[in-house]
Number of protein chains: 2
Amino acid sequence: MPRAGLSPAAVVDAALAVLDGGGPDALTLAAVAKRTGVAVPSLYKHVRSLGELRVLVGARLVEDLAERLGAAVMGLSRDDAVAALMRATRAYVREHPHRYAAMPLDPLHEPAQAEAGQRLMEVFLAVLRGYGLHGADAVHATRRLRAAVHGFTSLELAGGFGLPEDLDDSYQRLIAMVTASLPA
Amino acid sequence: MPRAGLSPAAVVDAALAVLDGGGPDALTLAAVAKRTGVAVPSLYKHVRSLGELRVLVGARLVEDLAERLGAAVMGLSRDDAVAALMRATRAYVREHPHRYAAMPLDPLHEPAQAEAGQRLMEVFLAVLRGYGLHGADAVHATRRLRAAVHGFTSLELAGGFGLPEDLDDSYQRLIAMVTASLPA
DNA sequence: GCTGTAAAGCTAACAGCATTAGCTTCGCCT
DNA sequence: AGGCGAAGCTAATGCTGTTAGCTTTACAGC
């Protein structure tokens with residue numbers, strides 16, 4: 001019986017594949033075990049529990065998103081950067097719907113996710129720094145931006161907008177609403 | 001052995017109490033059965049499955065929210081109505097966090113929730129009608145409004161905003177951002 | 001090259017979950 | 001009084017996550 005050569009990272013890889021295939025509810029230890037070719041209890045050698053696996057998966061998701069958004073805003077500033085940030089987020093959600101559904105909304109509260117969460121937050125703050133925003137104003141602006149992006153994409157993802165008619169148009173107007181709320 | 005005198009509505013009542021007490025994950029048939037003083041399989045006499053129970057609970061949640069928001073905007077128009085709508089939603093989320101976490105985002109797609117969903121959507125549309133918005137413009141504005149409200153409240157609910165510092169202030173600015181995007 | 005050991009795998013078992021089948025009993029209607 | 005449908009029950013199944021305890025692998029050091 002050859003050894004599978006698993007590792008925490010490999011388990012997370014498999015979990016991510018399972019997540020992509022069937023969504024957050026499908027992310028079960030049985031599914032991950034089948035995919036790694038290992039018996040269910042063997043997973044406990046690499047991961048403390050299903051809860052911890054979810055946290056580790058969440059950390060990876062935040063890392064990915066942070067990297068992608070960082071790349072998207074590179075070389076841009078102000079309204080262009082905001083638009084790029086918002087469009088890149090929506091593109092990510094449409095490309096990986098199940099991943100966004102499993103994305104932790106409070107990565108800073110979980111030690112294993114805090115570093116990635118910090119990087120993601122940095123992207124937002126860097127974009128807003130281009131407007132000369134600092135301190136409380138920057139915090140408020142970040143919250144507006146995040147609320148708009150997360151609100152729209154999560155509603156779209158859940159099918160909360162009825163028919164997918166004119167959604168691009170709606171999003172363009174949402175972007176305009178956000179940029180209009182930022183200093184000239 | 002006296003009969004419990006259950007009914008679908010009574011089961012939903014109990015489910016709502018369970019939801020309030022422990023959140024969406026605590027909404028289990030075992031918990032509902034315990035609360036109604038009945039054995040688990042007996043619930044199937046009133047509800048087809050846990051899935052259906054969730055749908056019915058969701059319908060009640062949307063009804064409640066629609067009623068509340070309708071009352072909140074009564075007698076108000078334009079920016080005042082938008083502000084009231086947004087504030088009332090946030091107040092609901094803070095008052096019943098577990099209920100909002102279980103709130104269906106696409107009530108129109110589920111027959112049992114469609115009627116309540118329609119009523120809720122009507123409140124949004126009625127408020128925007130005060131701006132003279134019709135057709136596509138009204139649709140886009142509704143989406144902006146919903147995105148802002150849902151985005152902020154769900155992020156706040158999940159603890160995604162770090163410390164609860166100046167959240168009222170942030171929300172006020174979010175309201176201003178939305179109203180500024182509507183016709184003068 | 002052999003051996004000792006820690007890690008990585010396994011099977012067996014348990015508790016909690018949703019669900020189904022089939023039985024019993026209640027309470028109303030005639 | 002009798003009948004009948006609805007409402008309850010127990011028993012059983014299969015799926016979860018989790019733990020305990022055993023076996024085996026692969027490498028480190030002699």
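Proteins come first, then strands; the chains are lettered A, B, ... in the order of their sequence lines, and each starts at number 1.
Relative to the ring axis of B:F161, A:R143 places its NZ or CZ within 45° and under 6.0 Å from the centre.
Salt bridge annotation for B:R60-B:D64: absent, with no cationic side-chain nitrogen under 4.0 angstrom from a carboxylate oxygen. A salt bridge links A:R90 with A:D168: the closest approach of a Lys/Arg side-chain nitrogen to an acidic carboxylate oxygen falls below 4.0 angstrom.
In this structure, the CD atom of A:E52 is 11 Å from the P atom of D:dT18, given to the nearest Å. The CG-P distance, from A:L6 to D:dA26, rounds to 14 Å in whole Å. In this entry the distance linking NZ of B:K45 with P of C:dG22 reads 12 Å, nearest Å. Rounded to whole angstrom, the span from the CG atom of A:L43 across to the P atom of D:dT19 amounts to 13 Å.
For C:dG9, the OP1/OP2 oxygens have a side-chain nitrogen or oxygen of A:H46 closer than 4.0 Å.
For A:Y44, the side-chain atoms get nearest to D:dT19 when compared with the rest of C:dA8, D:dT19, C:dT19. Taking every side-chain heavy atom of B:P41 into account, C:dA21 is the closest of C:dA12, C:dG9, C:dA21. Among the nucleotides D:dT18, D:dG8, C:dT19, the one closest to any side-chain atom of B:S42 is D:dG8. Comparing C:dA18, D:dG17, D:dC9 by their nearest atom to the side chain of A:L50 picks out D:dG17.
Backbone-only engagement by A:V38 is indicated by non-hydrogen atom pairs under 4.0 Å involving sugar-phosphate atoms exclusively.
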Could you give the side-chain donor-acceptor pairs of residues 101-118 of chain B under 3.5 Å, partners two or more places apart or in another chain?
residue: B:H109; atom: NE2; partner: A:G159; partner atom: O; Å: 3.3
residue: B:Q113; atom: NE2; partner: B:V55; partner atom: O; Å: 3.0
residue: B:E115; atom: OE2; partner: B:R119; partner atom: NH1; Å: 3.3

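Relative ring orientation between A:H150 and B:H150 is described as parallel, the plane-to-plane angle staying below 30° on a 0-90° scale split at 30° and 60°.
Residues from residues 15-32 of chain B with heavy atoms under 4.0 angstrom of DNA chain D: there are none.
For an aromatic pair to be called close, the ring centres must be under 6.0 Å apart, and B:Y100 with B:H96 fails this.
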